[in-house]
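Dropping the structure in here first, questions after.
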Amino acid sequence: MNPIKVVIAEDDFRVAEIHEKFLEKFTEMDVVGRALNGEQTLQLVAATTPDLLILDVYMPDMLGSDLLPIIRERFPKVNIIMITAAIDKSILEKALSYGVENYLIKPVNRERFDEVVGDYIKKHSLLTSKQEVDQNYIDLLFGHKKPKKVKKSTGLPKGIDEITLGKVKNVLLNQNQGLSAEEVGKELGVSRITARRYLEYLTSIRETKAEVVYGTVGRPERKYYPI
């Protein structure tokens, strides 16, 4: 997956630095610029064509909420997450009507910030994947997860250890990106064959999804993603 280009529109440079620092945790994110007001925001979005705009409401020259219709008209593919002190319901309603991905109230809790960004990365990854669109894909895209069916009486199948299974799941969740069986094996210190057995089991019970990735050279590679 190509880096997700991010623009931060925030009139307080100290807050902008904090948000950029938060984003450094995510290797998928690339902050391509910061804007201090509405005019700079429009100029920067035009110049960098970001995937994601992190937008404040209260800026010196105009409200961030008043930028929404302009951005939607000029840059319809830009996704927006609003981070603001604004608690006016009318601003929230306007944000929703213009398809804002999420809305965070300042001061932002780091755990909540990470959760929102992580969800956005998963959604972006789904939208840029080449898999077929079916109901399962749509349910994943909109965040609808089927309840997992756990058959306690039967236990795990032969060759699947509960502790190792948990480690495999943690590796996928912590990476926030697709991994091959070889990459998972190296992370855990086990063979590629062993890692693949666990990954295929997780895929069979719908706790991961698998996708064939075609590189520029070499044979196609099977990547596994957390669900």
Quiz item: Any idea which heavy atoms bring Ala195 and Gly185 closest together, and the distance?
Solution: CB-N, 3.7 Å

Quiz prompt | Side chain proximity check, Thr208 to Tyr225, heavy atoms < 4.5 angstrom | solution = no

Practice problem: Begin with the C-alpha distance, continue with both residues' side-chain angles, and end with the deciding distance and a verdict on side-chain contact (heavy atoms from CB on, under 4.5 Å) for Leu188 and Thr194. | Solution: CA-CA 10 Å; Leu188 295 177; Thr194 297; over 6 Å; no

Exercise. Would you mind reporting whether Asp56 and Val15 have side-chain heavy atoms less than 4.5 Å apart?
Key: no

Quiz item: Is there a side-chain contact between Glu28 and His124, using heavy atoms and a 4.5 Å cut-off?
Solution: no

Practice problem: Start with the C-alpha gap between Asn102 and Tyr120, add the side-chain angles, then the distance that decides, and say whether side chain to side chain donor-acceptor pair (under 3.5 Å) holds. | Solution: CA-CA 9 Å; Asn102 221 312; Tyr120 173 76; over 6 Å; no

Quiz prompt | Residues Glu182 and Lys186 bridged, charged N to O under 4.0 Å | solution = yes

Practice problem: Count the heavy atoms of every other residue, nucleotide or ligand shown that sit under 6.0 Å from CD of Gln43, and state whether that count exceeds 12. | Solution: yes

Practice problem: For residues Asp12 and Arg14, report the shortest heavy-atom separation together with the two atoms involved. | Solution: OD1-N, 2.9 Å

Quiz item: Quick one: CG on Leu53 to CG on Leu67, what's the gap to the nearest 0.5 Å?
Solution: 8.0 Å

Practice problem: Output every pair passing salt bridge (charged side-chain N to carboxylate O under 4.0 Å, His left out) with a member in residues 79-95, not counting sequence neighbours, ordered by first then second residue. | Solution: Asp66-Lys94

Self-check item: Separation between CD1 of Ile18 and CD1 of Ile83, rounded to the nearest 0.5 Å
Solution: 11.0 Å

Exercise. Calculate, to the nearest 0.5 Å, the distance between atoms CE and CG belonging to Met82 and Leu68 respectively.
Key: 5.0 Å

Quiz item: Can you tell me how far the CD atom of Gln40 sits from the CG atom of Asn37, to the nearest 0.5 Å?
Solution: 4.0 Å

Practice problem: Could you check Leu96 against Tyr103 for side-chain contact (heavy atoms from CB on, under 4.5 Å), going step by step and ending with a plain yes or no? | Solution: CA-CA 9 Å; Leu96 290 171; Tyr103 195 103; over 6 Å; no

Quiz item: Between the main-chain N or O of Ile121 and the side-chain N or O of Ser125, is there a donor-acceptor pair closer than 3.5 Å?
Solution: no

Exercise. State whether the side chain of Tyr198 and the backbone N or O of Asp161 hold a donor-acceptor pair below 3.5 Å, judged by distance alone.
Key: yes

Quiz prompt | Nearest atoms (heavy-atom pairs only) where Tyr98 meets Arg72 | solution = O-NE, 2.8 Å

Exercise. Taking the side chain as every heavy atom from C-beta outward, state whether Val168 and Val190 have any pair of such atoms under 4.5 Å apart.
Key: no

Quiz item: Do other residues, nucleotides or ligands put more than 12 heavy atoms under 6.0 Å from the CD1 atom of Ile87?
Solution: no

Quiz item: Thinking salt bridges, do Asp114 and Arg110 make one under a 4.0 Å N-O criterion?
Solution: yes

Quiz item: Of the non-hydrogen atoms in Arg34 and Leu44, which two are nearest, and what is the gap between them?
Solution: N-CD2, 3.5 Å

Exercise. Search all heavy atoms of Gly38 against all heavy atoms of Met62 and return the closest pair with its distance.
Key: CA-CG, 4.0 Å

Self-check item: Flag, side chain of Lys5 to backbone of Thr48, donor-acceptor distance under 3.5 Å
Solution: yes

Quiz prompt | side-chain contact (heavy atoms from CB on, under 4.5 Å), paired with Val117, selected from Lys122, Met29, Lys25, His19 | solution = Met29

Quiz item: Will you find, in the side chains of Glu207 and Tyr201, an N or O donor that is under 3.5 Å from an N or O acceptor?
Solution: no

Quiz item: Hey, what do you get for CE (Met59) to CD (Glu39), rounding to the nearest 0.5 Å?
Solution: 11.5 Å

Quiz item: If you round to the nearest 0.5 Å, how far is OH of Tyr224 from CG of Leu172?
Solution: 10.0 Å

Practice problem: Kindly indicate, with the supporting measurements, whether the criterion side-chain contact (heavy atoms from CB on, under 4.5 Å) is fulfilled by Asn2 and Thr128. | Solution: CA-CA 9 Å; Asn2 293 326; Thr128 54; over 6 Å; no

Practice problem: Salt-bridge test for Arg112 and Glu115: reply yes if a basic N is under 4.0 Å from a carboxylate O, no otherwise. | Solution: yes

Quiz item: Which atoms form the tightest heavy-atom contact between Pro3 and Asp30, and what is the distance?
Solution: CB-CB, 4.1 Å

Quiz item: Going through the distances and angles, do Phe75 and Leu42 end up as a side-chain contact (heavy atoms from CB on, under 4.5 Å)?
Solution: CA-CA 9 Å; Phe75 317 105; Leu42 293 174; 4.3 Å; yes

